[in-house]
Amino acid sequence: MSSRLTGVGVGPGDPELVTVKGVNALRAAEVVVVPVMDTGERGRAEATVLHYVPAEKVVRVVFALNERTDRKRRETAWDAAGERVAGLLRERGSVAFATIGDPNVYSTFTYLAQTVGELVPGLVVETVPGITAMQDLAARSGAVLTEGTEPLTLVPVTAGSAVLKEALAGPGTVVAYKFGRRAGEVAEALRETGRLDDAVWGSALGLPEESVRSAAEMDGTPLPYLSTLIAPPRRADGRGGKL
């Protein structure tokens with residue numbers, strides 16, 4: 001019987017935003033793996049998972065989640081995590097990997113599945129989609145992500161502020177992920193492109209420390225790493241004007 005690795009999107013933090021299919025996948029797996037950083041502290045994915053499965057079913061695996069400068073350290077961490085999950089698959093047969101947001105959107109699951117696939121012959125890999133931070137922020141702030149023929153551009157600000165500025169200069173809504181440490185640069189880019197007043201940012205969505213605020217309030221002070229920004233285009237054509 002083939003081993004099965006399932007990436008399950010558990011949303012941005014609010015446990016009520018895990019889909020029914022996601023909950024079923026977590027409960028059906030023999031083991032639920034959650035990513036943690038070197039500190040071993042409980043992460044957002046684990047906190048969400050524990051609303052649906054018992055703690056004894058959850059296994060923490062260390063990932064170099066934010067390592068961008070030391071490639072050797074990052075590769076070593078990925079290899080170690082892959083070996084750990086491969087071992088669990090050999091022992092138990094089915095493993096669910098819980099990831100915040102969606103497993104196919106900037107998720108560690110992508111790298112894990114590639115690594116484990118090389119270690120476990122015949123591995124079956126599946127994903128269960130999850131609610132993304134941009135969807136949750138749009139719902140909580142009232143921001144409309146797209147209308148009519150508008151494009152939607154998603155930019156990780158870890159790619160650099162120039163990439164964000166290029167997107168903001170174009171049409172449609174721009175969503176920025178992972179921008180908290182570069183909040184000052186983001187505010188300046190919004191100001192230069194005339195998008196500041198209509199933009200909104202949020203962090204810790206669905207959690208007690210949630211913050212949802214106008215981008216115009218950003219003063220350059222660093223924000224939480226997993227902050228999300230929505231910068232809609234100007235919509236002055238009335239209802240259906242973008243059709």
Side-chain angles (χ1 to χ4, degrees), residues 11-13 35-39 41 43-45 63-75 77-78 99-102 104-111 130-146 150-207 209-234:
V36 296
M37 299 179 71
D38 292 346
T39 58
E41 294 177 355
R44 195 175 299 183
F63 287 82
L65 295 173
N66 297 330
E67 181 57 69
R68 299 184 182 279
T69 57
D70 189 335
R71 180 167 182 171
K72 182 178 180 180
R73 178 177 179 274
R74 183 177 67 227
E75 295 283 353
W78 285 350
T99 178
I100 59 172
D102 182 278
N104 293 306
V105 180
Y106 300 130
S107 171
T108 307
F109 180 73
T110 302
Y111 314 122
I131 302 295
T132 61
M134 64 177 167
Q135 291 170 290
D136 196 12
L137 178 57
R140 294 176 187 279
S141 66
V144 176
L145 286 171
T146 56
E150 292 174 351
L152 175 63
T153 304
L154 176 58
V155 178
V157 179
T158 47
S161 57
V163 178
L164 175 63
K165 287 181 181 179
E166 182 179 356
L168 289 170
T173 295
V174 176
V175 175
Y177 274 5
K178 306 175 184 179
F179 80 90
R181 296 172 186 169
R182 306 177 75 163
E185 297 175 47
V186 170
E188 183 59 29
L190 290 167
R191 197 172 290 112
E192 290 179 5
T193 54
R195 298 244 194 166
L196 183 63
D197 292 341
D198 296 325
V200 62
W201 71 270
S203 65
L205 300 172
L207 301 175
E209 63 271 28
E210 173 182 282
S211 180
V212 176
R213 307 177 71 172
S214 168
E217 297 180 27
M218 291 194 299
D219 58 6
T221 302
L223 302 173
Y225 175 68
L226 291 177
S227 293
T228 299
L229 174 90
I230 297 177
R234 291 295 178 90

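Quick caveat, the model's predicted, so the values are computed rather than measured.
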Query raised in the report: Are the side chain of R44 and the backbone N or O of P12 linked by a donor-acceptor pair below 3.5 Å?
Result: yes

Query raised in the report: Is the number of heavy atoms from other residues, nucleotides or ligands under 6.0 Å of E166 CD greater than 12?
Result: no

Query raised in the report: Within a reach of under 6.0 Å around CZ of R191, are more than 12 heavy atoms found that belong to other residues, nucleotides or ligands?
Result: yes

Requested in this report: Mind checking the CG-CZ spacing from L164 to F179? Nearest 0.5 Å is all I need.
Outcome: 9.5 Å

Report task. Ignoring hydrogens and angles, tell me if any N or O in the side chain of T193 forms a donor-acceptor pair with the backbone of A189 under 3.5 Å. Result -> yes

Query raised in the report: So do T173 and I230 actually touch side chain to side chain, heavy atoms under 4.5 Å?
Result: yes

Requested in this report: Would you check if V175 and L145 make a side-chain contact, meaning some heavy-atom pair closer than 4.5 Å?
Outcome: yes

Report task. Taking Y177 for its side chain and M134 for its backbone only, find out whether a donor-acceptor pair lies under 3.5 Å. Result -> yes

Query raised in the report: Do R213 side-chain atoms and G202 backbone N/O form a donor-acceptor pair below 3.5 Å?
Result: no

Query raised in the report: So do the side chains of S203 and Y225 get within less than 4.5 Å of each other, counting heavy atoms only?
Result: no

Query raised in the report: Roughly how far apart are K178 NZ and S227 OG, rounded to 0.5 Å?
Result: 12.5 Å

Requested in this report: Would you name the heavy atoms of A176 and V157 that are closest together and state the gap between them?
Outcome: CB-CG2, 3.7 Å

**Report entry** Donor-acceptor contact below 3.5 Å, side chain D198 vs main chain P232
**Finding:** no

Query raised in the report: Is the closest side-chain donor-acceptor distance between T132 and Q135 under 3.5 Å?
Result: yes

Requested in this report: Look up atom CZ in R195 and atom CG in L190, then write down how far apart they are to the nearest 0.5 Å.
Outcome: 8.5 Å

Query raised in the report: Looking only at heavy atoms, which two atoms of A204 and E209 are closest? And how far apart?
Result: CB-CG, 3.5 Å

**Report entry** Smallest separation among heavy atoms of A167 and V174, with atom names
**Finding:** O-CG2, 3.4 Å

Query raised in the report: How about Y106: does its OH atom have over 12 heavy atoms from other parts shown lying under 6.0 Å from it?
Result: yes

Query raised in the report: Hey, does the side chain of E150 reach the backbone of T146 with a donor-acceptor pair shorter than 3.5 angstrom?
Result: no

Report task. Compute whether any side-chain donor of one residue and acceptor of the other, for T99 and S107, lie under 3.5 angstrom apart. Result -> yes

